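Keep in mind the model is a prediction, meaning the values are calculated, not measured.
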Amino acid sequence: MKNLNEWKETAVQAIKDCHNNAELNQLRVLYLGKKGPIQEIMKSMKELAKEERAELGALVNEVKQELSTLLEERRSVLEEQEIAARLKQERLDITLSGYQPQIGNLHPLMLVQQELEDVFVSLGYCVAEGPEVECDLYNFERANIPKDHPARDMQDTFFINVEELLRTHTTAVQMRQLEQYHKEGKEIIKVICPGKVYRRDDDDATHSHQFMQCEGLVVGHDIRLSDLKGTLLFLAKKMFGEERVIRFRPSYFQFTEPSVEVDVSCHICGGKGCSVCKGTGWIEILGAGMVHPNVLRMAGFDPKQCSGFAFGVGIERIAMLKYGIDDIRAFYTNDLRFLKTFKRFE
Ligand code: DAH
């Protein structure tokens, strides 16, 4: 019995001194386990007299109970301490600044395209798209450029096969729109068609085998050249400033008659003459004209009943003028130092 008490004191002290749960488990095995002293005492009890056995048995049970409770209490204290320590260690400082996500910006050509779309949507136009791999029919024939016509030489391109090619101008979408509107029985058309076009061209500071255009088309009753002029003046003012004026120069396109080349007064010098306008005060921005009767006819319209105007703008050209870019290749070489500077125009 003396033994038991001494032994209990040691165990109690060990439990109190224990500072982590893993060690506590070892103590549990050591004192209460199968090979522990309690079991030893139980075994030796056989040799005792009956009363002594009962007395010792009760005492052993008491000690066993006491140690179990103590172990349990210690375990929960240690567990709480461990959680508190972990919380302290893993504390999140939500005031620390995080990693800045890299947010891109729109490409300058997309900025110009969206600006053109905004101008024309505000005038009630729809925006239409067409395929970049186009049929000879829509790219040339419907545009009044028959097979073997010399006008095709100016727009040589990449052919997929004899009938399919990479479109050379968004005028092909104009031809598709004409056909579709006619099929749907609509008599009034107001669309713009932005997109990529391709030509067999040597790449230099002002030429690229791939570039972007935005086509415009209006068809209805009694549409006149003066409507075209008013529309393009509105466009020039929106894109280059309210003080801009435009002028028409006679030109030639197979799909328009009459055809014009449109200049806008220089937005850099205001028309006095500078290096951008090459001293003339004027900058050429697009080609346009009244839709050729043949074009209307081929799409199913009667040129005696309706008329229309069309124009085609080069998006790179507008972007180069607006942002003062002197090399068209800058748009396609993906230099982030160049592209990032357009964030401020979004
Ligand atoms: N398709 C012409 C080109 O690529 C541009 C153009 C001129 C489009 C006159 C038109 C137009 O719709 O009426 O050079």
Rounded to the nearest 0.5 Å, how far does [atom2] of [Y] lie from [atom1] of [X]?
X	Y	atom1	atom2	value
Leu67	Arg74	CG	CZ	14.5 Å
Met212	Ile318	CE	CD1	12.5 Å
Met110	Gln114	CE	CD	6.5 Å
Thr170	Gln213	OG1	CD	4.0 Å
Met320	Ile328	CE	CD1	5.5 Å
Glu52	Met45	CD	CE	11.5 Å

Within 6.0 angstrom of [X] [atom1], more than 12 heavy atoms from elsewhere:
X	atom1	result
Lys237	NZ	yes
Glu184	CD	yes
Arg53	CZ	yes
Asp148	CG	no
Lys147	NZ	yes
Glu132	CD	yes
Lys272	NZ	no
Ile94	CD1	no

Check whether any side-chain heavy atom of [X] sits under 4.5 Å from a side-chain heavy atom of [Y], and report yes or no.
X	Y	result
Glu55	Glu51	no
Phe140	Gln254	no
Leu106	Phe345	no
Glu284	Arg249	yes
Val291	Gln174	yes
Tyr125	Leu116	no
Pro108	Lys322	no
Trp282	Cys266	no

For Gly300 and His182 the tightest heavy-atom approach is O-NE2, 2.9 Å
Closest non-hydrogen contact found for Ser251 with Glu261 is OG-OE1, 2.9 Å
Under the side chain to side chain contact (heavy atoms under 4.5 Å, CB included) rule, what do Leu70 and Tyr31 come out as? Steps first, then yes or no, please.
CA-CA 12 Å; Leu70 211 60; Tyr31 295 122; over 6 Å; no
Can Arg199 and Phe211 be said to form a side chain to side chain contact (heavy atoms under 4.5 Å, CB included), step by step?
CA-CA 9 Å; Arg199 301 231 178 133; Phe211 55 104; 3.6 Å; yes
Hydrophobic cluster membership, with links at side-chain heavy-atom distances under 4.5 Å among I/L/V/M/F/W/Y: are [X] and [Y] in one?
X	Y	answer
Val276	Met239	yes
Val191	Leu235	no
Val218	Val121	yes
Val77	Leu71	no

Could you tell me which residues satisfy side-chain hydrogen bond (donor to acceptor under 3.5 Å, both in side chains) with His19, sequence neighbours excluded, listed by chain and number?
none
For Asn139 and His169, what are the C-alpha separation, side-chain angles and deciding distance, and is it a side chain to side chain contact (heavy atoms under 4.5 Å, CB included)?
CA-CA 7 Å; Asn139 196 81; His169 49 187; 3.6 Å; yes
What do you reckon, are the aromatic ring centroids of Phe248 and Phe309 less than 6.0 Å apart?
no
Which of these passes side-chain hydrogen bond (donor to acceptor under 3.5 Å, both in side chains) with Arg152: Thr168, Asp136, Thr157?
Asp136
Checking side-chain polar atoms at under 3.5 Å, does [X] have a donor or acceptor matched by the opposite partner on [Y]?
X	Y	answer
Glu134	Tyr198	no
Gln113	Glu117	yes
Asp203	His209	yes

Salt bridge Glu79-Arg75, side-chain N to carboxylate O under 4.0 Å
yes
Quick one: do Phe338 and Ile325 satisfy side chain to side chain contact (heavy atoms under 4.5 Å, CB included)? Show the steps, please.
CA-CA 10 Å; Phe338 167 77; Ile325 299 161; 3.8 Å; yes
side-chain contact (heavy atoms from CB on, under 4.5 Å) with Tyr181: of Ile189, Val219, Ile188, Leu217, only one passes, and it is Ile189
Worked verdict on Asp222 versus Arg224 for salt bridge (Lys or Arg N to Asp or Glu O under 4.0 Å):
CA-CA 6 Å; Asp222 204 19; Arg224 302 164 183 217; 3.1 Å; yes
